[in-house]
Q: 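Dropping a structure here in structure tokens format, bear with me for questions.
Both ligands and their constituent atoms are indexed starting at 1 by order of listing.
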Amino acid sequence: MAFRTTRPLRFGDCDPSGIAYFPSYLNILVGVLEDYFSSIGFSWRKLIDDRRIGVPTVRLDLTFIKPGLQGDNLEFLLAVRGVGRSSLDLEHQVSANGQVLWTAKHRVVATSLDTHKSLEWPDDIRAALTSHLETTDAHHPAT
Ligand SMILES: CC(C)(COP(=O)(O)OP(=O)(O)OC[C@H]1O[C@@H](n2cnc3c(N)ncnc32)[C@H](O)[C@@H]1OP(=O)(O)O)[C@@H](O)C(=O)NCCC(=O)NCCSC(=O)c1ccc(O)cc1
């Protein structure tokens, strides 16, 4: 099942005319990913402090469809599309007022914060990620 959350598009996310400034979207998107990990029981605070695991982005493909406007209530839909040895493929859909504003195909990788090399997803995290896997779309986002 996809992870859903909302977040308002704030004054500080926009240019002076009130149109969303896309670099702001990236920061918001990372916050959504952080919330997703918390929702499956692996807060980034715990991952970093207790497990020494980081989750850097290695690929991100954004498609902008309509401009977001200050005051919009952004609705995020995050779907897990693949769990590799150390990689995690995600698809994001971001809507407001019933219309899709932008989408993203996103790959992150589990890394050791000590060696800064990839590491195999530990079994407990893999199990949580896999339980949210959605394979209805045959397209593999990160290829
Ligand atoms: C992630 C890496 C350590 C992986 O390198 P290696 O340890 O040599 O591993 P590999 O090359 O074997 O790749 C490991 C996996 O990543 C996948 N991978 C690696 N690079 C890519 C790219 N560019 N595209 C797609 N897939 C990739 C690869 O297919 C492997 O997948 P699995 O088969 O599922 O294991 C290295 O690629 C790296 O350091 N990249 C730079 C990451 C980065 O700086 N990103 C910029 C954003 S920083 C960020 O998002 C962030 C998040 C959280 C923080 O606390 C800090 C920063």
Q: Under 4.0 Å from a heavy atom of Val55: give me the atoms of ligand 1 that qualify, with their elements.
A: 52 (C)
Q: So, does Arg59 use its side chain to make a donor-acceptor pair with the main chain of Val108 at under 3.5 Å?
A: no
Q: Is Asp13 salt-bridged to Arg7, cutoff N-O under 4.0 Å?
A: yes
Q: Using a strict threshold of under 4.0 Å (side-chain N to carboxylate O), is an ion pair present between Asp124 and Arg51?
A: yes
Q: Have a look at ligand 1 and work out which part of Arg85, if any, has a heavy atom under 4.0 Å from it: side chain, backbone, both or neither.
A: both
Q: Distance under 4.0 Å to a non-hydrogen atom of His116: what atoms of ligand 1 satisfy this?
A: 3 (C)
Q: Can you figure out which of Ser118, Ser86, Gly54 has its heavy atom closest to atom 15 (C) of ligand 1?
A: Ser86
Q: Counting only heavy atoms, tell me which of Val58, Leu47, Thr57, Thr115 gets closest to atom 43 (C) of ligand 1.
A: Thr57
Q: With atoms numbered from 1 as shown, which atoms in ligand 1 lie under 4.0 angstrom from a non-hydrogen atom of Thr111?
A: 1 (C), 3 (C)
Q: In terms of heavy-atom contacts, does CZ of Arg4 have more than 12 from other residues, nucleotides or ligands at under 6.0 Å?
A: no
Q: Quick one: does ligand 1 sit under 4.0 Å from the side chain of Glu120, the backbone, both or neither, non-hydrogen atoms only?
A: neither
Q: Any ion pair linking Arg81 and Glu91 (charged N to carboxylate O, less than 4.0 Å)?
A: yes
Q: Okay, side chain of Asp15, backbone of Ser17: is any donor-acceptor separation there less than 3.5 Å?
A: yes
Q: With heavy atoms under 4.0 Å as the rule, classify the contact between Lys117 and ligand 1 as side chain, backbone, both or neither.
A: both
Q: Tell me whether Phe64 at atom CZ has more than 12 heavy atoms from other residues, nucleotides or ligands lying less than 6.0 Å away.
A: yes
Q: Any atoms of ligand 1 less than 4.0 Å from a non-hydrogen atom of Gly84? List them with their elements.
A: 34 (O)
Q: Taking 4.0 angstrom as the limit and counting only heavy atoms of Arg59, give me the atoms of ligand 1 inside it, by number and element.
A: 24 (N), 25 (C)
Q: Can you find an N or O of Ser87 that's nearer than 3.5 Å to an N or O of ligand 1?
A: yes
Q: Taking Lys46 first and then Asp50, would you say they form a salt bridge - that is, a charged N and a carboxylate O separated by under 4.0 Å?
A: no
Q: For ligand 1, does Val109 get within less than 4.0 Å through its side chain, its backbone, both, or neither, judged by non-hydrogen atoms?
A: side chain
